[in-house]
Amino acid sequence: MTAITDKSRKKLLTAIQRYVTFFMLMSFIVTCSMLIFLTLLGRTMELDFTEENTKTAALLTFFNVVFLSAICTVIDGVRRKIMVERPVNRIITAAEKITNGDFSARIEPINSIDSTDGFDVIIKYFNKMAGELSGIETLRTDFIANVSHELKTPLAVMQNYGTMLQQPNLPEENRLEYAKSVTESSRRLADLISNILKLNKLENQQIFPEKQIYNLGEQLCECLLNFEDLWEQKGLEIETEIAEEIFVESDPELLTLVWNNLFSNAVKFTDNGGKISLKLSADSDCAVVEVSDTGCGISPETGAHIFEKFYQGDTSRATQGNGLGLALVKRVVDIVGGDISVESVVGEGSTFTVKIRRKTSGEIQSNS
């Protein structure tokens with residue numbers, strides 16, 4: 001009740017303030033106009049105005065000013081109600097819904113007579129902001145759900161095998177097998193947490209590129225050789241076609257994340273006896289890196305989401321990763337100003353292509 005009274009009092013004071021403003025403005029304008037009019041009329045027609053006539057004219061003018069001020073105040077109040085208060089109230093209502101977590105709130109355009117009042121522009125960007133917030137909220141919800149699932153799986157495995165390891169008279173062969181499963185699950189959990197932290201830093205721009213000019217071919221060979229034991233275990237054929245003297249100016253540590261993830265996926269998803277190819281070439285402006293495999297391939301539906309966090313198109317191989325590798329790759333490539341794309345055929349394999357602006361020999365010499 002008190003709030004309503006305060007609101008009414010505030011509205012009344014505002015109305016009085018507007019009326020006084022109009023009254024003073026009208027008084028000044030009408031008084032000046034009447035003085036000029038009467039002066040010119042008296043001079044032209046050689047009339048003499050008596051004191052009584054002047055008082056009568058002044059009194060009529062005063063009441064006219066009072067009446068006109070009241071009319072202007074009412075008209076201005078109606079105008080504000082329709083053209084200002086209603087749009088503002090709609091915006092406030094939608095903002096309150098978003099504040100309370102309803103990100104589906106949208107505002108219909110006003111399409112007011114005065115196209116320059118700016119309300120439609122405000123509403124346009126408000127709806128755009130609401131859409132972005134809705135998308136972020138969806139991503140946040142999905143991220144929490146996926147993280148919970150990804151954390152729960154290795155923990156459940158570790159718990160189960162840890163329980164079985166406590167059995168008395170457990171055969172040595174079983175003990176080693178269970179211990180290996182616990183180790184693999186703990187490694188997977190550590191990799192997941194590490195990738196989450198890296199991705200969080202990248203997305204919050206807490207990692208800044210430290211650029212330097214270096215030979216990209218040498219870096220690619222070093223990263224590929226780190227997977228030698230894995231490809232030999234699977235009997236994979238490795239084919240390389242690396243052009244010489246291709247230099248880039250970028251952060252080598254960040255790009256190492258890209259190559260390691262691409263090579264890891266190629267080895268992971270290529271069956272025994274398959275083939276992995278690495279090609280480095282150059283066009284007019286960019287260094288072009290192509291990593292190909294003869295693995296299971298990616299469907300068009302999966303390809304549309306392949307760079308999203310936790311997305312795993314091949315659920316049969318989900319235990320081999322946590323769905324964050326390619327999200328990291330995409331974010332790093334964006335940070336260094338590059339481009340990444342994928343071409344794939346289900347059952348035949350995939351080719352990931354990364355393009356990074358290269359440094360020409362002339363640019364390298366000028367920087368030296």
Side-chain angles (χ1 to χ4, degrees), residues 2-4 6-8 10-11 14 76-152 192-193 195-209 298-313 322-342:
T2 305
I4 296 175
D6 291 342
K7 190 175 181 180
S8 301
K10 186 176 181 181
K11 284 186 176 181
T14 302
D76 182 64
V78 173
R79 181 193 66 83
R80 285 176 174 272
K81 186 74 174 179
I82 297 174
M83 301 182 66
V84 179
E85 290 185 14
R86 285 185 180 179
V88 169
N89 287 336
R90 288 167 66 176
I91 294 172
I92 291 173
T93 301
E96 287 178 345
K97 289 181 179 179
I98 289 180
T99 302
N100 294 327
D102 181 8
F103 295 103
S104 64
R106 297 293 185 275
I107 308 172
E108 291 294 327
I110 302 297
N111 296 322
S112 59
I113 299 174
D114 184 6
S115 59
T116 62
D117 60 11
F119 279 114
D120 281 335
V121 176
I122 294 172
I123 289 171
K124 175 185 175 182
Y125 283 97
F126 182 94
N127 289 338
K128 184 177 180 181
M129 177 196 70
E132 293 292 332
L133 289 174
S134 178
I136 293 171
E137 177 64 15
T138 301
L139 288 175
R140 186 187 70 84
T141 304
D142 291 345
F143 181 80
I144 292 173
N146 286 321
V147 167
S148 301
H149 173 75
E150 292 292 334
L151 289 173
K152 184 178 179 180
L192 171 63
I193 294 173
N195 283 336
I196 289 174
L197 292 175
K198 288 178 184 177
L199 190 57
N200 181 64
K201 288 182 178 180
L202 289 171
E203 290 185 336
N204 289 291
Q205 298 181 345
Q206 295 177 357
I207 295 179
F208 300 96
I298 304 169
S299 66
E301 294 79 11
T302 300
H305 304 278
I306 198 68
F307 296 111
E308 295 178 6
K309 288 179 289 189
F310 292 105
Y311 189 84
Q312 294 176 326
N322 49 54
L324 286 175
L326 289 178
L328 276 171
V329 167
K330 174 63 175 172
R331 186 64 183 130
V332 170
V333 171
D334 288 343
I335 287 175
V336 301
D339 179 70
I340 184 169
S341 59
V342 58

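Below, each value reflects all heavy atoms present in this structure, side chains not excepted, and no hydrogens, waters or symmetry copies. Note that this is a predicted model, so its numbers are computed, not measured.
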*Asks:* For the atom pair CZ (Arg331) and CD1 (Ile335), what is the distance rounded to the nearest 0.5 Å?
*Replies:* 4.5 Å
*Asks:* Determine the minimum heavy-atom distance between Phe126 and Ala95, stating which atoms define it.
*Replies:* CZ-N, 3.6 Å
*Asks:* Quick check for you: to the nearest 0.5 Å, what is the distance between Arg90 atom CZ and Ile123 atom CD1?
*Replies:* 6.0 Å
*Asks:* Dump the intermediate steps for salt bridge (charged side-chain N to carboxylate O under 4.0 Å, His left out) on Asp120 and Lys124, then the final yes or no.
*Replies:* CA-CA 6 Å; Asp120 281 335; Lys124 175 185 175 182; over 6 Å; no
*Asks:* Under the side-chain hydrogen bond (donor to acceptor under 3.5 Å, both in side chains) test, which residues partner Asp339, sequence neighbours left out?
*Replies:* none
*Asks:* Nearest 0.5 angstrom please: Ile107 CD1 to Asn127 CG, how far?
*Replies:* 5.5 Å
*Asks:* Working to the nearest 0.5 angstrom, can you tell me the gap between Ile98 CD1 and Thr93 OG1?
*Replies:* 11.5 Å
*Asks:* How far apart are the closest heavy atoms of Ala130 and Arg106, and which atoms are they?
*Replies:* CB-NH1, 3.4 Å
*Asks:* With sequence neighbours excluded, tell me which residues meet side chain to side chain contact (heavy atoms under 4.5 Å, CB included) with Val121.
*Replies:* Tyr125
*Asks:* Could you work out, with side-chain hydrogen bond (donor to acceptor under 3.5 Å, both in side chains) as the rule, every residue matching Ser104, not counting sequence neighbours?
*Replies:* Asp102
*Asks:* What are the two closest non-hydrogen atoms of Ala105 and Lys97, and how far apart are they?
*Replies:* CB-CB, 3.8 Å
